[in-house]
Each structure stands twice: as structure tokens, then as C-alpha cells.
Amino acid sequence: MKERLKELQLEALERVEKASTLSDLQDIRVAYLGKKGPITEVLRGMGKLSQEERPIIGELANKVREGIANELDVKKAKLEAKELDKKLEQETIDITLPGRPVQVGGPHLLTSIVQEIEDLFIGMGFEIREGPEVETDYYNFEALNLPKGHPARDMQDSFYITEDLLLRTHTSPVQARTMGEYKGSQPVKMICPGKVYRRDTDDATHSHQFTQVEGLYVDKDVRMSDLKGVLNSFAKQLFGEDREIRLRPSFFPFTEPSVEMDISCKVCNGKGCSVCKRTGWIEILGGGMVHPRVLELAGYDPKVYNGFAFGMGPERIAMLKYGVDDIRHFYANDVRFLKQYHKAE
Ligand code: DAH
């Protein structure tokens, strides 16, 4: 029996030595140390041995068993380390390879142009205000000298929510709201950028939702020349020093007198071309001196205070500045379009 055990040990150790994978080791473990293995068998046959032999063989069998198990463990650790080395070698990263380019985003053209307009007016002492997009009929129309039934309400087809609530058709209600907050006792100098809504059919120059920037300056002794000076400075900073402006008489219910401002066409330098419809001028915005009724409704005494106001469309301004030919480009979110206007930071 001793011989048999020694033989088994040698045989097992030889196989462990030769094993090259973890699964080989597992096979060896099962074959020699398993319940049906030869060592268990030897131990089972111990009943036939004499009293003296039994402990000797028992001890030897356990030693053989431990010896094989030890060797299996040592080899297992070796194979595992080898496997890990192999894996690490396969996974080495070549740090000299160029990386994948990261797509860097940037502000939307509309966002940039509104920011540019804001910066210009902040530079002239205006503050930035906001107002609600869901507006009351009162602020959107009535407070702006557009009582119910006024024909000029038709100029702006509206999305009504209830009889009294609508999506604002312009940013002008923020004039009335701001004056209301200032309670008729302080000068107001603000601009308000924001979204507005009209029941228009979308095409290259119309959108049911677009952006406006409203401006309002109310103080004692504000003159038309102040309006002209501010707008002239704004237009030249935005479009270039070489551009001229002109004011044409117009009509808005909330200003008296009312004007529209044109800038000289850059494409033809004022000579007349298809962009400016042969006039040499391009319309940019509407404005005028705040109507006394609008001041009064907002709590300002028109005998003490007066002011000017204006409203412009940033989409139109961006289209003119950058030669964008369709307003729908602003809303389609085609990155090929948007990318062209990402400024390098
Ligand atoms: N609210 C006008 C519009 O949407 C634009 C406008 C014109 C605003 C004259 C003004 C203004 O403040 O004085 O067409």
C-alpha cells in the first residue's frame, strides 16, 4: 500500500508539473483528490490492515494528499499569474496613437446674436428684463394703447388660450410691466429679449415663434434725438462703422411719433440691389416716442416723463449680418448650419 501511495504521488506531481492550463489542474484535482479518486480508495481499504499498519498508512495517505493539494495550489498561482501577464500584454495601450477628436459644442447663432445685442445695450446703461410668454390681453394689447376692437390688433394674429390669456405677440408688454414695477417715480432704461408667437404660416421669412428684443427708456426730457443716437450707435457697433441709418415715419399704436429704422445695404453700398429691393436700405426695427397714453396707463405722468421705445427681431438681424437666407434654419437644429457660427473660444 505504501508503494501504491508513493506511486500515486509521483504520478500526480508529474502531471501537475506538465499541466499548462487551469482546467488541466482542475482535472488533476478531481482525478486524485476527488471522492472517487485512488487515494480515497486506498483509505477505504484500510479496514483490511493490521492495527499497527493502519495509523502509518493513514498518516502517509494524508501527507500524499496534502502534498498533491499543495503542489496544485502552487501551480495554480503560477498559471494565474502567467495568464494575467498575457492579458496585460494584450491590453497594453499605445499611448502614441492619436486620440479621437472630441466634438466641442458652442452657443446657437440666435443665442450669440441676442447676447451681442444685450452686451451693446448694457454698454449704454440699459438693464435686462424678462416677462412671461403667456400674457394677459391687458398687457399684450390694452396697456399698449390697443383697446379691444382696435384695428391694429389684426396686425398681429394671436394664439389665444382663454378670452383673456394669449401667447404674447411681441415683447412690448414688458414695457408696461416694467414701468408698473417702477411705480411711476423713477427713470426706466431696459431691454427685454424673449420669445414671441404669431399665427403665421412658416416660410423663409415667417415663423409662428420667433425672438424679439424690446427697448424702453423713460425719463424726464427724453428726445427723439436720444433715440436716434442710441440706435445709430447700436447699428454701427453691430453691423460696422461704415453703415448709415435712417428713420422713416411709421405707425405703432404705442408710440407717437413712430419710426422704422433702416440701415444702408452692405451688399451694394446703398446703390440698390436685389437684397435691398433696389432701395439701398434695409429695414431693421420699429420704434418711436412712447405714447402718452401708455405712460399714463403704467402710472407715469406724461407731463413729467416721456421716453422712447423700440423693438427688433434678432433672427432678422442675424440673417442680415450673416447672410442666412431662411429663418427656419434657426429652429431646425441642423449642426451643419449651426457649426458655421461657433466662434472659437
Ligand atoms: N411690438 C412691435 C412689433 O412686434 C415692434 C415695436 C415697434 C416695438 C415700435 C416697440 C416700438 O417698442 O416702439 O411689431
S.K.: Can you tell if the side chain of Q186 reaches within under 4.5 Å of the side chain of E181, non-hydrogen atoms only?
M.R.: no
S.K.: What is the distance from atom CG of D85 to atom CD of Q90, rounded to the nearest 0.5 Å?
M.R.: 11.5 Å
S.K.: Please round to the nearest 0.5 Å and tell me the distance separating atom CE of M124 and atom OG of S233.
M.R.: 4.5 Å
S.K.: So with a 6.0 Å cut-off around CD of E130, is the heavy-atom count from everything else above 12?
M.R.: no
S.K.: Looking at R293 and E296, does any basic side-chain N land under 4.0 Å from a carboxylate oxygen?
M.R.: yes
S.K.: Under a 4.5 Å cut-off applied to non-hydrogen side-chain atoms, are I39 and I68 in contact?
M.R.: yes
S.K.: Does this structure show an ion pair linking E135 with R177, if we count only N-O contacts that are shorter than 4.0 Å?
M.R.: yes
S.K.: On a heavy-atom basis, which atom in A19 and which in I28 lie closest, and how many Å separate them?
M.R.: CB-CD1, 4.0 Å
S.K.: Is E3 salt-bridged to K6, going by a charged N under 4.0 Å from an acidic O?
M.R.: no
S.K.: Pair N333, Y331 - check side-chain hydrogen bond (donor to acceptor under 3.5 Å, both in side chains), show working.
M.R.: CA-CA 6 Å; N333 280 335; Y331 319 116; over 6 Å; no
S.K.: Could you tell me the separation between the CG atom of L49 and the CD1 atom of I56, rounded to the nearest 0.5 Å?
M.R.: 10.0 Å
S.K.: Please determine whether a side-chain nitrogen of the Lys or Arg among E214 and R129 lies less than 4.0 Å from a carboxylate oxygen of the Asp or Glu.
M.R.: no
S.K.: Please check if any side-chain donor atom of S264 sits under 3.5 Å from a side-chain acceptor atom of E244, or the reverse.
M.R.: no
S.K.: Quick one: are F159 and L166 in side-chain contact, heavy atoms under 4.5 Å?
M.R.: no
S.K.: Taking side chain as C-beta onward, heavy atoms only, is L33 less than 4.5 Å from R65?
M.R.: yes
S.K.: Distance from E315 atom CD to H206 atom NE2, nearest 0.5 Å?
M.R.: 12.5 Å
S.K.: Quick one: do K78 and E83 make a salt bridge, cutoff under 4.0 Å?
M.R.: no
S.K.: For the pair R153 and E142, find out whether any cationic side-chain nitrogen is under 4.0 Å from an anionic carboxylate oxygen.
M.R.: yes
S.K.: Is the closest side-chain heavy-atom distance between V335 and Q103 below 4.5 Å?
M.R.: no
S.K.: Could you walk me through whether D164 and T162 satisfy the side-chain hydrogen bond (donor to acceptor under 3.5 Å, both in side chains) test, starting with their C-alpha distance in whole Å, then the side-chain angles of each, then the deciding distance to 0.1 Å, before giving a yes or no?
M.R.: CA-CA 5 Å; D164 193 46; T162 65; 5.9 Å; no
S.K.: Flag the pair R198 and D157 as a salt bridge only when some basic side-chain nitrogen lies within less than 4.0 angstrom of an acidic carboxylate oxygen.
M.R.: no
S.K.: With distance as the sole criterion, is a donor-acceptor pair present between the side chains of N140 and T169 under 3.5 Å?
M.R.: yes
S.K.: Kindly indicate, with the supporting measurements, whether the criterion ring-ring contact (aromatic ring centres under 6.0 Å, His included) is fulfilled by F310 and F121.
M.R.: CA-CA 12 Å; F310 55 87; F121 281 102; 5.2 Å; yes
S.K.: Working to the nearest 0.5 Å, report the span between CZ of R316 and CD1 of I282.
M.R.: 7.0 Å
S.K.: Would K220 pass as a cation-pi partner of Y305, given that its NZ or CZ must be under 6.0 Å from the six-membered ring centre and within 45 degrees of the axis?
M.R.: yes
S.K.: Is it true that, when you exclude K76 itself, more than 12 heavy atoms of the residues, nucleotides or ligands shown sit nearer than 6.0 Å to its NZ?
M.R.: no
S.K.: Quick one, F239 and I284 - any side-chain contact, counting heavy atoms below 4.5 Å?
M.R.: yes
S.K.: I'd like to check V259 versus R248 (side-chain heavy atoms, cut-off strictly below 4.5 Å). Are they in contact?
M.R.: no
S.K.: If you take the centroid of each ring, where Trp contributes its six-membered ring, are H170 and F254 closer together than 6.0 Å?
M.R.: yes
S.K.: Using a strict 4.0 Å threshold on nitrogen-to-oxygen distance, state whether K228 and D226 make a salt bridge.
M.R.: no
S.K.: Dump the intermediate steps for salt bridge (Lys or Arg N to Asp or Glu O under 4.0 Å) on E41 and R44, then the final yes or no.
M.R.: CA-CA 5 Å; E41 208 155 284; R44 261 195 215 121; 5.1 Å; no
S.K.: Flag yes if more than 12 heavy atoms outside Q340 fall under 6.0 Å of its CD atom; otherwise flag no.
M.R.: yes
S.K.: Flag yes if more than 12 heavy atoms outside E163 fall under 6.0 Å of its CD atom; otherwise flag no.
M.R.: no
S.K.: How about CZ on R54, more than 12 heavy atoms from neighbouring residues, nucleotides or ligands closer than 6.0 Å, or not?
M.R.: yes
S.K.: Identify whether the distance between the nearest side-chain nitrogen and carboxylate oxygen of R328 and D202 falls below 4.0 Å.
M.R.: no
S.K.: With rounding to the nearest 0.5 angstrom, report the OH to CG distance, Y300 to L295.
M.R.: 9.0 Å
S.K.: Under a 4.0 Å N-O cut-off, is there an ion pair linking R29 with D73?
M.R.: yes
S.K.: For D137, is there an ion pair with K148 - N to carboxylate O distance below 4.0 angstrom?
M.R.: yes
S.K.: Between F308 and F126, how do the two ring planes meet: parallel, tilted or perpendicular, split at 30° and 60°?
M.R.: tilted
S.K.: Tell me whether K236 is salt-bridged to E241, with the criterion being a basic N under 4.0 Å from an acidic carboxylate O.
M.R.: no
S.K.: Between Y32 and Q9, is the side-chain hydrogen bond (donor to acceptor under 3.5 Å, both in side chains) condition met? List the steps.
M.R.: CA-CA 9 Å; Y32 287 88; Q9 184 173 24; over 6 Å; no
S.K.: So C265 and C273, do their side chains get closer than 4.5 Å, heavy atoms only?
M.R.: yes
S.K.: Tell me whether R223 at atom CZ has more than 12 heavy atoms from other residues, nucleotides or ligands lying less than 6.0 Å away.
M.R.: no
S.K.: Between I117, I128, T211, which is the residue that forms a side chain to side chain contact (heavy atoms under 4.5 Å, CB included) with P193?
M.R.: I128
S.K.: Using 4.0 Å as the upper bound for N to carboxylate O, is an ion pair formed by E59 and K63?
M.R.: yes
